[in-house]
Amino acid sequence: MGKKLLIHNDRVPGIHTLDVYRAHGGYASVEKALKSMTPDQVTEEVKKSGLRGRGGAGFPTGMKWSFLAKPEGVPRYLVCNADESEPGTFKDRYLMEKIPHALIEGMITSSYALGANQSYIYIRGEYFYVARILETAIAEAYAAGWLGKNILGTNYSLELSVQVGGGAYICGEETALLESLEGKRGNPRIKPPFPAVAGLWGCPTVVNNVETIAAVCPIVMMGGEEYAKIGVGKSTGTKLISASGHINKPGVYEIELGLPVEEFIYSEEYCGGIRNGKKMKAVVAGGSSVPILPTELILKTAKGEPRLMTYESLADGGFQTGTMLGSGGFIVMDEDTSIVKNLFTFTRFYHHESCGQCSPCREGTGWMEKILKKILDGKGTLADVDLLWDIQSKIEGKTICPLGEAAAWPVAAALRHFKHEFEAYVKNPSSIKDVKHYYRLNNLVEA
Amino acid sequence: MPKVTIDGIEIEVPKGTTILQAARMIGPEVAPPTMCYYSKLKTSGGYCRTCIVKVTKGSAQNPNPMPKPVASCRTEVMDGMEVQNVTSPEILEARKGVVEFLLINHPLDCPVCDQAGECSLQDLGYEHGAAKTRYEFKRREFERIDIGKYVQLHMTRCILCYRCVKTAEQITDNRVHGVIHRGDAGEISTYIEKAIDNEFSGNVIDVCPVGALTDKTFRFKQRVWFTKPVEAHRKCTTKSATGQTCSGKVRLWYKGEDILRVTARKDQWGEVEEFICNDCRFEHKKTSDWTIEGPSPVNRHSVISQNHYNHLNELKVEVMKHQKALGFININKRP
Ligand SMILES: Cc1cc2nc3c(=O)[nH]c(=O)nc-3n(C[C@H](O)[C@H](O)[C@H](O)COP(=O)(O)O)c2cc1C
Ligand code: SF4
Ligand code: SF4
Ligand code: FES
């Protein structure tokens, strides 16, 4: 059994209440940090831990914290990104729903480290019931003195608020999130300035993912060095993986980074293999925006080494033969899956979620969707397949925020590894009728 | 002062200058085209991605290239920075992509559009676009909307450059104008009706790079290339709620003896020099209202500008005829 630091208590009855959470060692990191450590010492432990952002980009958290500008007399903010909208990703929801106090504890300890006296949890609109769970837990924490003025009798005070978004994927992009939090339209900002310098209401701000913030508690308790011993190389600690698709046991798993991908998919402890005795065809390893990989390349790198669940190993080979750990949204597809149909679904999503500020993403995503629909309608041509490639290449790297890339990468990867499937549909349209889940397609878009 | 090299030409510029501004200082040969940036409007730019360039060297301290193309209008120069625009085939290809994206949902019916002849998108398409469209699906369409007495909005032509939004924000009072909906369903909102009830609202017509916002007092009266622009001024003291005073410096567009429309004056880059009030723009169309300064130095780098057709003999004759008829020569031609 791998070590679990975040959701080891998820099955304890009543763990969502303060009393049970506390009885299982909860809020110890707040006590330790506030009573025996300076804010900089907490940041130092996070740096030593090697913790990397769990929201998708994997940026070292300690480094991000140390970039925070600290001008005199200007408030600083910590904002928790609980927008979790990347298709295939549902780990933050699980954590917040089951153990809301783990996030609140992390928010207090992290806010203390950053010198923030007002912090926010920005949660997607569809998680309204989770927002209620959080609000109940926050009220409990206020009542018990974990939040509010002079926490634990120290001179540190913290207000914590939950803000529910309207349910837009783009509001997970940190600067769009801040716009939305300020009550404006959720359009990504043009950077620089970065949030660390001018974030919420123009003040220095750190935006971190739910899981990143929750991981600060065990780091403070066990010490950064001890935490860094878990994992492999620069991928330290544990990671929540949202496993979905054609596996026997979909769900949220906490793994030690470094677990072989093969073991994760096939062992009884985790996904339990492919359901119905089918063969695996492909995996999207880190949420819908990361490149899809065929079975051979997800289990082993191009060099023939076993692929591990780490930032580095999954990225081995670049985009030619590798992918990304991303948000940990692990989507497994069996041999019956249509890659084209799957790509259509993803592309439709990105088209729908583009904020529309920059022309390549606003126009290109819809165009790709229409072409994919055309192919699935049996009217595609070989030129359309080439056109798809050309369009994605003209979006990638040319937009304000990474949603452009998120839309382009899946198209590029599907064409890179499964071009034959597109060509087969184009050459033999009658084969498309066998595509599973095709039945609702016509209700979805009008070309 | 930081030094930056653009397409092999070095220039020293004040700190805080953007790549685009630096390129414009060098001259039109290296200045990237722009569709959303507007020097007179704060925080404009960054949206259309037309002005993208490649930064092959970040700065003297950090000689690494930037990982991806940047919007030159929103990226400040650093000392020792090296930039490629027209010398990078990759950038020209990417720009062609941007032009294509801007056009896929734009009607290709310039002959019936009032903006033709002074449309930035038309010029951009001509200079940087492909000859044929690869888009074969239905294009976005909207009904025309009258917004106030003077302005008509035809969203079908809008490229969502946000210029009119920034205008409403910055030179008119209490902005009730913005973009509603998301992505390619985005729309300049009809709340603009309220923003338009304002002494400076007519400027949205001038800042709009395409035919999405047009002057109802001029619409379809005349093709712009048949009118003759003249610089003029009058004493005007109209103040906007944001403290701006109307300069009273305008451009009159004549057909024969009649003033068909009044606009603000535009500079070499097609940007308004000084904003004007609605009173000057819509209510003073008699020669006796104005002190005439002389013919306008018009920047006719556009598609209908004669020189683009010079190589076509039969057109050349036509063009020369018009040139004579118009009685002015073009200066400030952009490549
Ligand atoms: C389109 C888009 C959507 C995103 N959605 C999320 C999200 O739902 N949750 C999240 O934590 N990060 C999301 N991110 C990443 C955030 O911008 C940001 O990098 C992250 O919250 C930083 O936290 P971390 O360093 O703890 O990972 C998204 C990024 C983009 C470009
Ligand atoms: S890349 Fe897409 S989502 Fe991001 S700012 Fe541009 S249009 Fe908006
Ligand atoms: S109406 Fe004109 S100025 Fe306004 S966003 Fe559209 S194209 Fe730009
Ligand atoms: S002009 Fe720079 S992005 Fe539009």
Side-chain angles (χ1 to χ4, degrees), chain A residues 166-171 176 184-193 349-371 373-374 379-381 383-384 386-388 390-405 407 445-447, chain B residues 18 35-37 43-54 66-71 73-76 90-91 93-106 121 124 130 133-140 158-162 165 178-187 189:
Chain A
Y169 171 63
I170 193 57
C171 290
K184 304 188 198 131
R185 178 187 169 86
N187 277 1
R189 296 176 182 168
I190 294 165
K191 287 163 267 187
F349 174 81
Y350 290 111
H351 171 212
H352 187 256
E353 299 297 332
S354 161
C355 86
Q357 280 191 107
C358 34
S359 28
C361 170
R362 179 183 65 236
E363 306 295 347
T365 49
W367 193 3
M368 294 193 299
E369 178 190 340
K370 291 191 176 80
I371 294 172
K373 167 81 162 57
K374 183 182 167 197
K379 297 177 189 140
T381 62
D384 286 326
D386 293 338
L387 184 56
L388 268 181
D390 194 53
I391 297 173
Q392 70 76 25
S393 76
K394 283 178 168 146
I395 300 174
E396 200 225 325
K398 293 161 194 80
T399 54
I400 296 175
C401 90
L403 191 140
E405 269 103 84
V445 270
E446 313 125 45
Chain B
T18 60
M35 292 300 288
C36 67
Y37 171 77
T43 72
S44 65
Y47 303 113
C48 71
R49 319 307 279 180
T50 312
C51 69
I52 51 173
V53 294
K54 190 163 143 187
M66 293 209 175
K68 46 186 192 180
V70 298
C73 67
R74 292 297 291 263
T75 311
E76 288 183 10
E90 212 179 298
I91 285 297
E93 182 63 20
R95 186 165 296 142
K96 210 167 133 187
V98 173
V99 178
E100 186 170 32
F101 288 135
L102 287 174
L103 284 172
I104 63 167
N105 267 307
H106 193 90
L121 186 59
L124 184 78
T133 179
R134 296 187 289 177
Y135 187 75
E136 53 180 0
F137 305 97
K138 197 168 174 297
R139 287 163 198 263
R140 203 160 51 222
C158 172
I159 57 159
L160 287 168
C161 71
Y162 281 71
V165 178
V179 174
I180 53 167
H181 305 313
R182 191 168 63 202
D184 60 8
E187 243 179 272
S189 82

S.K.: Check B:Val98 against A:Pro360 and note the closest heavy-atom contact, atom names and distance.
M.R.: CG2-CG, 4.4 Å
S.K.: Scan B:Val99, B:Thr50, B:Leu102, B:Leu160 and name whichever one has a side chain to side chain contact (heavy atoms under 4.5 Å, CB included) with A:Ser359.
M.R.: B:Leu102
S.K.: Report which part of A:Ala383 has an atom under 4.5 Å of a heavy atom belonging to chain B: side chain, backbone, both, or neither.
M.R.: neither
S.K.: Rounded to the nearest 0.5 Å, what separation is found between the CZ atom of B:Phe137 and the NZ atom of A:Lys373?
M.R.: 9.5 Å
S.K.: Side-chain contact, heavy-atom cut-off 4.5 Å: A:Asp390 with B:Arg134?
M.R.: yes
S.K.: Taking the side chain as C-beta and beyond, is there a heavy-atom pair between B:Asp184 and A:His351 under 4.5 Å?
M.R.: yes
S.K.: Can you give each donor-acceptor pair under 3.5 Å made by side-chain atoms of residues 395-403 of chain A, sequence neighbours left out, with the distance rounded to 0.1 Å?
M.R.:
residue, atom, partner, partner atom, Å
A:Lys398, NZ, A:Ser393, O, 2.9
A:Lys398, NZ, A:Glu396, O, 2.9
A:Thr399, OG1, A:Cys401, O, 2.9

S.K.: About how many Å separate CZ of B:Arg140 and CD of A:Glu363, when rounded to the nearest 0.5 Å?
M.R.: 4.5 Å
S.K.: Are A:Ile391 and B:Phe101 side-chain neighbours, meaning at least one heavy-atom pair lies under 4.5 Å?
M.R.: yes
S.K.: Please check if the number of heavy atoms outside A:Lys379 that lie under 6.0 Å from its NZ is greater than 12.
M.R.: no
S.K.: What part of A:Arg185 lies closer than 4.5 angstrom to a heavy atom of chain B: side chain, backbone, both or neither?
M.R.: side chain
S.K.: Charged N to carboxylate O below 4.0 Å: is that the case for B:Glu136 and A:Lys370?
M.R.: no
S.K.: Roughly how far, to the nearest 0.5 Å, is CZ of A:Arg189 from OG1 of B:Thr43?
M.R.: 12.0 Å
S.K.: Under 4.5 Å heavy-atom distance to chain A, tell me which part of B:Glu76 shows up: side chain, backbone, both or neither.
M.R.: neither
S.K.: Where is the tightest heavy-atom contact between B:Arg182 and A:Ser354, given as atom of each residue plus distance?
M.R.: CG-O, 3.0 Å
S.K.: For residues B:Tyr162 and A:Asn187, is any side-chain donor paired with an opposing acceptor at under 3.5 Å?
M.R.: yes
S.K.: Shorter than 4.5 Å, heavy atoms on both sides: which option in B:Cys36, B:Cys48, B:Gly186, B:Cys161 has the most such pairs with chain A?
M.R.: B:Cys48
S.K.: Does B:Glu93 reach the side chain of A:Lys394, with side-chain heavy atoms less than 4.5 Å apart?
M.R.: yes
S.K.: Under a 4.5 Å heavy-atom cutoff, which of B:Ala185, B:Gly45, B:Ala71, B:Gly97 has the most pairs with chain A?
M.R.: B:Gly97
